Amino acid sequence: MVTKEQILNALSYVEEPDLKKDLVTLNMIQNIQIEDQKIAFDVILTTPACPLKDHIEHACRNAIAHFIDKNLEVQINMTSNVIGKQGAQVSGIKNIILVSSGKGGVGKSTVAANLALALHAKGAKTGLLDADIYGPSLPIMFGLEGAKPGSVEMPDGQVKIEPLEKFGLKLLSIGFFTDPNQPIPWRGPMTTSAIKQLFNDANWGELDYLVVDMPPGTGDIHITVSQTFPIAGAVIVTTPQHVALADAVKGIGMFLMDSINIPLLGVVENMAYFTPAELPENKYYIFGKDGGKRLAEEYKVPFLGEIPLLKGISDAGDNGFPIATDQEDPVTKSFLTIAEKVAQQLSIIQSQV
């Protein structure tokens with residue numbers, strides 16, 4: 001008869017590749033069940049977006065076969081419990097991810113929206129907060145122009161904003177509360193107050209990840225968000241050309257300042273190349289090549305991936321259906337890979353705290 005101790009001993013030889021410790025030490029093996037020649041157990045990953053999920057399951061099966069009995073029937077339930085950033089959490093949010101760029105026009109909002117959708121597609125409870133006060137694009141990208149969030153009374157009597165939901169995401173934007181045709185001259189104190197309300201006065205519920213689409217540049221909103229809320233990490237979006245990279249460096253420098261000190265999760269290179277629909281194998285590097293990769297290498301952070309310059313991507317956002325809602329589109333696979341790498345970096349960072 002197989003024992004629980006034998007199973008734990010066998011699985012103690014399986015290392016979590018990112019965390020560099022075995023699954024038993026990390027308390028990732030739970031709910032062991034034994035019945036004759038059948039065994040079952042749960043592997044609790046640190047994120048549902050783990051890119052090494054299949055590798056870990058395969059290693060567990062090999063360990064059971066090698067150290068116990070290759071004829072055992074093994075059932076493994078690969079599940080997850082997302083690690084949250086240490087310290088005070090905001091309304092049950094485990095990880096706040098900032099998507100930022102040094103300048104406008106590099107597709108930051110597109111990356112933020114599709115990153116959030118990709119994290120949701122991987123099984124994570126995800127929200128998207130449009131913090132770009134000066135040019136909120138979430139209402140257009142999700143087909144929610146004119147939509148207004150409701151309110152809900154909480155158990156403690158507080159009345160909070162109820163984020164809208166679409167494509168499985170919880171969504172909130174300053175654009176839901178303003179007239180899109182009416183310019184608003186935001187002063188510094190007004191912007192910081194509005195941003196704090198979007199975080200604190202909303203009923204986000206329980207989220208594994210809240211992706212925040214930041215304004216371009218390095219202004220008041222960046223400082224307020226970075227110093228007020230427990231930010232888990234930042235993703236930098238750039239295009240390959242020199243002028244965009246120069247501004248991205250300033251954005252990175254801000255997050256690395258001692259007074260802010262937010263971990264960099266990596267760099268996404270948007271508009272990396274152009275591929276004509278009639279010549280899908282061809283790549284034309286209109287804005288230069290590998291600028292984002294060089295930036296990631298310079299700061300010793302992961303290069304999360306490159307997104308091509310395609311009309312279909314902008315059309316999808318303009319039509320209210322971001323490209324990652326189409327599971328068959330090749331670009332969606334790129335965003336799923338980026339999501340896996342972001343979740344992977346967060347798990348590594350949180351495990352080192």
Side-chain angles (χ1 to χ4, degrees), residues 47-49 51 95-101 104-132 135-144 163-173 175 207-216 232-240 244 248 265-275 292 302-346:
T47 172
N95 293 284
I96 300 174
I97 304 168
L98 305 185
V99 178
S100 186
S101 64
V106 299
K108 166 187 54 60
S109 295
T110 296
V111 171
N114 287 290
L115 170 60
L117 286 164
L119 286 167
H120 168 69
K122 284 292 179 178
K125 298 174 185 175
T126 310
L128 176 62
L129 171 57
D130 183 359
D132 191 348
S137 55
L138 187 153
I140 294 175
M141 295 184 69
F142 283 82
L144 293 171
L164 298 176
E165 292 196 31
K166 193 165 185 182
F167 306 130
L169 300 181
K170 291 194 174 183
L171 304 168
L172 203 53
S173 168
L207 293 180
D208 295 320
Y209 305 105
L210 176 63
V211 178
V212 182
D213 179 15
M214 298 293 286
V235 172
I236 302 296
V237 181
T238 186
T239 50
L265 303 177
V267 175
V268 174
E269 183 177 288
N270 195 28
M271 309 182 202
Y273 55 85
F274 170 67
T275 296
F303 179 66
L304 299 173
E306 56 184 21
I307 304 299
L309 175 63
L310 297 175
K311 187 174 184 294
I313 298 176
S314 59
D315 285 348
D318 289 345
N319 295 331
F321 291 86
I323 197 75
T325 60
D326 181 358
Q327 294 300 309
E328 302 302 318
D329 194 290
V331 176
T332 298
K333 295 177 182 177
S334 298
F335 278 114
L336 290 170
T337 299
I338 290 171
E340 288 178 343
K341 291 181 178 178
V342 167
Q344 183 180 39
Q345 288 305 304
L346 283 172

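Since we're looking at a predicted model, the values are computed, not measured. Quick note: numbers below take in every heavy atom, side chains included, and nothing from hydrogens, waters or symmetry partners.
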Go through the steps for Val99 and Val268 under the test side-chain contact (heavy atoms from CB on, under 4.5 Å), then give the verdict. CA-CA 10 Å; Val99 178; Val268 174; over 6 Å; no

Report the C-alpha separation of Phe142 and Leu164 in whole Å, then their side-chain angles, then the decisive distance to 0.1 Å, and conclude whether the side-chain contact (heavy atoms from CB on, under 4.5 Å) test is met. CA-CA 10 Å; Phe142 283 82; Leu164 298 176; over 6 Å; no

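In this structure, Pro163 and Leu169 have side chains that are not in contact, with every pair of non-hydrogen atoms separated by 4.5 Å or more. Residues Pro51 and Gln344 have side chains in contact (heavy-atom distance under 4.5 Å, counting atoms from C-beta outward).
Rounding to the nearest 0.5 angstrom, the gap separating the OG atom in Ser101 from the CD1 atom in Ile236 is 8.0 Å. Considering CG of Leu265 and CG of Leu346, their distance stands at 4.5 Å, rounded to 0.5 Å. To the nearest 0.5 Å, the span separating CE on Met214 from CD1 on Ile97 amounts to 13.5 Å. Note that CG of Leu171 is 10.5 Å distant from OG1 of Thr126, once rounded to the nearest 0.5 Å. Taken to the nearest 0.5 Å, the OG1 atom of Thr239 stands 10.0 Å off from the CG atom of Leu309. Note: Thr325 OG1 to His120 NE2 = 11.0 Å, rounded to the nearest 0.5 Å.
With hydrogens and angles ignored, the 3.5 Å screen pairs a side-chain donor or acceptor of Asn114 with a backbone N or O of Ala324. Of the possible donor and acceptor atoms, none in the side chain of Lys122 sits under 3.5 Å from a partner among the backbone N and O of Glu340. The backbone N or O of Lys125 lies less than 3.5 Å from a partner atom in the side chain of Asp208, making a donor-acceptor pair.
Taking all atoms of both residues into account, the shortest heavy-atom contact from Pro215 to Lys108 is C-CE, 4.1 Å. For the pair Pro308 and Ile313, the tightest heavy-atom approach, listed with the atom from each and the gap, is O-CD1, 3.4 Å. Across every non-hydrogen atom of Pro240 and Asn270, the tightest pair is CD-O, 3.6 Å. Here the shortest heavy-atom pairing between Leu310 and Thr275 reads CD2-O, 3.3 Å. Of all heavy-atom pairs spanning Ala49 and Ala339, the tightest one is CB-O, 4.3 Å. Shown here for Ser137 and Asp213, the closest heavy-atom pair between the two residues is OG-OD2, 4.2 Å.
Here Asp329 pairs with Ile323, Asp326, Val331, Thr332 under the side chain to side chain contact (heavy atoms under 4.5 Å, CB included) rule; sequence neighbours left out. Every residue two or more places apart in sequence or in another chain that forms a ring-ring contact (aromatic ring centres under 6.0 Å, His included) with Phe321 is listed here: Phe167.
Of the residues Leu304, Val237, Thr238, the one that meets the side chain to side chain contact (heavy atoms under 4.5 Å, CB included) test with Val267 is Thr238. Evaluated for a side chain to side chain contact (heavy atoms under 4.5 Å, CB included) with Pro322, the options Leu115, Leu117, Thr110 yield exactly one hit, Leu117.
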